[in-house]
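Numbered from 1 within each chain, the chains take letters A, B, ... in sequence-line order.
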Amino acid sequence: MTPRKVPVTAIAAPRRRASAASPPARLTDLHAALAAWFAREARDLPWRAADRTPWGVLVSEIMLQQTPVVRVLPVWEEWMRRWPHPSDLAAEPAGEAVRAWGRLGYPRRALRLHAAAAVITREHDGELPTIEEGLLALPGVGTYTAAAVAAFAFGGRATVVDTNIRRVHARLVGGEALPAPSLTAAEQRRAAALLPEDRAESVVWNAAAMELGALVCTARSPRCSECPVAADCAWLAAGEPPPTYTPRGQAWHGTDRQVRGAIMAVLRAAEHGVPRALLDDSALATVSDSAADGVGPAVARLKALQAGPEQRERALAGLLADGLAVEADGVLRLP
DNA sequence: AATACGTGGCG
DNA sequence: TCGCCAAGTAT
């Protein structure tokens with residue numbers, strides 16, 4: 001690998017390609033049309049700004065996993081203000097990351113981001129790996145995030161495949177309403193085949209396809225009248241056929257997962273932990289509004305779930321096993 | 001390969 | 001109201 005530094009500049013529409021062995025004109029047109037749309041319509045997100053850092057991009061990508069942009073924005077801002085460099089986060093207890101994570105959901109992501117910061121600090125001299133292979137080795141970084149960071153932080157040519165891009169490809173090229181329930185090898189090959197050869201163009205293509213999926217080619221009620229590539233869309237050409245399967249909902253009500261979430265809220269609210277006995281039936285029953293330390297509302301929420309003691313026990317055991325909670329002397333706290 | 005894992009807004 | 005959905009990962 002060439003150990004050169006890749007300048008971090010704003011993701012912008014690329015210059016015209018130097019035509020060598022060029023792809024079919026159709027694909028080139030598609031690339032150009034989407035790039036033009038992206039240059040015009042892309043949201044002004046802080047992790048896309050010219051002053052962004054690779055660390056900031058990684059933080060954004062982890063936070064954005066299964067989580068809407070609007071919810072991530074304020075947490076990302078505060079996170080970067082407090083921990084501008086991986087070593088800043090690595091110097092803190094993991095619990096601080098979990099608390100700062102707030103209500104973004106999937107708090108194990110905060111734990112893994114903290115662990116990733118430790119690996120970056122300890123094994124990479126505080127600098128992020130610049131290619132997918134190195135990024136993949138970091139906790140919490142899978143195929144999508146590795147490709148996204150390689151592309152958006154380092155300007156690399158990587159095949160980025162997220163839920164937006166899968167949906168855009170399924171419609172635009174595949175002629176289907178929705179992609180398969182899980183990522184297939186055929187989809188990955190298709191995404192690789194669609195990627196511009198030119199490195200800078202590939203970055204824009206990846207970002208633009210994601211943005212199109214987020215703003216226009218949405219899962220429900222796509223805004224096809226605003227779509228810059230509607231004329232090329234196989235799904236529109238096919239008469240907008242309906243999905244061939246019905247997505248199965250994510251179970252939530254009454255699940256252990258819901259109880260985990262409520263217990264996590266209690267732990268986040270308690271600066272110095274809570275007695276394990278607080279989660280017992282008798283203690284929960286009397287807690288009501290004895291909210292001297294701010295845990296009251298969170299405890300009330302937990303109580304409202306009316307989970308049985310065995311379910312609370314099971315949920316707590318899961319949190320302890322995952323390292324999201326620790327217990328010492330009968331007191332539960334963040335790690 | 002299927003499943004577990006949070007949260008809150010929207011149609 | 002309620003199910004769907006949001007820049008997935010790890011096991």
### Task
Select base, sugar-phosphate, or nothing to describe what A/V72 touches, counting heavy atoms under 4.0 Å on all strands.
nothing

### Query
Can you tell me how far P of C/dA7 sits from CD of A/E211, to the nearest Å?
10 Å

### Task
Tell me what A/L104 touches on the nucleic acid: a base, only sugar-phosphate, or nothing, going by heavy atoms under 4.0 Å.
base

## Note on the structure
Separation of B/dT3 atom C1' from A/Y106 atom OH, nearest Å, is 11 Å

### Query
Below 3.5 Å, does any donor atom in the side chain of A/T143 face an acceptor in the base of C/dG8, or the other way round?
no

### Atom pair distance, as rounded to whole Å: CZ in A/F38 and C1' in C/dA7
12 Å

#### Entry: No-H, no-angle donor-acceptor pair, A/R257 side chain to B/dG6 base, under 3.5 Å
yes

## Note on the structure
DNA chain C nearest-nucleotide lookup for A/L138 and A/S60: closer to the 5′ end is A/S60

### Query
How long is the line joining NE2 of A/H253 and P of B/dT7, in whole Å?
16 Å

### Query
Please walk me through it: do A/E313 and A/R276 pass salt bridge (charged side-chain N to carboxylate O under 4.0 Å, His left out)?
CA-CA 10 Å; A/E313 202 53 46; A/R276 181 171 186 145; 2.3 Å; yes

#### Entry: C/dA7 OP1/OP2 closer than 4.0 Å to side-chain N/O of A/Q65
no

#### Entry: C1'-based separation of C/dT11 from B/dT7 [nearest Å]
23 Å

### Query
If only atom types and distance count, is the side chain of A/W76 paired as donor or acceptor with the main-chain N or O of A/L64 below 3.5 Å?
no

### Message
Counting only heavy atoms not in A/E310 (residues, nucleotides, ligands), do more than 12 fall under 6.0 Å from its CD?
### Response
yes

### Message
For a quick check of understanding: with a heavy-atom distance under 4.0 Å over all strands, which category does A/T163 fall into, base, sugar-phosphate or nothing?
### Response
sugar-phosphate

### Message
Just the rounded figure in Å: distance from C1' of B/dG9 to CH2 of A/W252.
### Response
15 Å

### Message
Once you measure the plane-to-plane angle for A/W205 and A/H169, does it fall in the parallel (<30°), tilted (30-60°) or perpendicular (>60°) bin?
### Response
parallel

### Message
If I take atom CD1 in residue A/I62 and atom P in nucleotide C/dA6, what distance separates them, rounded to the nearest angstrom?
### Response
19 Å

### Task
Scan A/T145 against the nucleic acid and name what it touches under 4.0 Å (heavy atoms): base, sugar-phosphate only, or nothing.
sugar-phosphate

### Query
B/dG6 phosphate, OP1 or OP2: any side-chain N/O from A/R260 under 4.0 angstrom?
yes

### Message
Can you confirm whether more than 12 heavy atoms, excluding those of A/E240, are under 6.0 Å from its CD atom?
### Response
yes

### Query
On DNA chain C, nearest-nucleotide positions of A/T218 versus A/R108: which is more 5'?
A/T218

### Query
In whole Å, what is the span from the CD atom of A/Q66 to the C1' atom of C/dC5?
9 Å

#### Entry: Rounded C1' spacing from B/dG6 to C/dA6 in Å
12 Å

### Task
Using a 4.0 Å heavy-atom cut-off across all strands, classify A/G142 as base, sugar-phosphate, or nothing.
sugar-phosphate

#### Entry: Quiz item: A/R109 side-chain donor-acceptor pair to C/dT9 base, under 3.5 Å
no

### Summary
Taken to the nearest whole Å, CD/A/Q258 to P/B/dT7 is 9 Å

### Task
Between C/dA7, C/dC5, B/dG8, spot the one nearest the side chain of A/A219, thanks.
C/dC5

### Summary
On DNA chain B, more 5' by nearest nucleotide between A/R220 and A/D322 is A/D322

### Query
For A/L178, which contact category applies under a 4.0 Å heavy-atom criterion: base, sugar-phosphate, or nothing?
nothing

### Task
Could you tell me whether A/R301 contacts a base, only the sugar-phosphate backbone, or nothing, with contacts defined as non-hydrogen atoms closer than 4.0 Å?
nothing

### Message
Could you tell me how far C/dT9 sits from B/dG8 if I compare only their P atoms? Round to whole Å.
### Response
23 Å

### Task
Check whether any side-chain nitrogen or oxygen of A/S182 sits under 4.0 Å from OP1 or OP2 of B/dA2, and answer yes or no.
no

### Query
Any Lys/Arg nitrogen of A/E211 or A/R48 sitting under 4.0 Å from an Asp/Glu carboxylate oxygen of the other?
yes

### Query
When we call it a touch if two heavy atoms are under 4.0 Å apart, what does A/R43 touch: a base, just sugar-phosphate, or nothing?
base

### Task
Remember a base hit wins even if backbone is also touched, and classify A/R71 as base, sugar-phosphate or nothing at under 4.0 Å, heavy atoms.
base

### Task
Using heavy atoms to find the nearest nucleotide of DNA chain B for A/L324 and A/S221 separately, return the residue whose nucleotide is more 5′.
A/L324

### Query
Looking only at side chains, do A/E92 and A/W83 share a donor and an acceptor under 3.5 Å apart?
yes

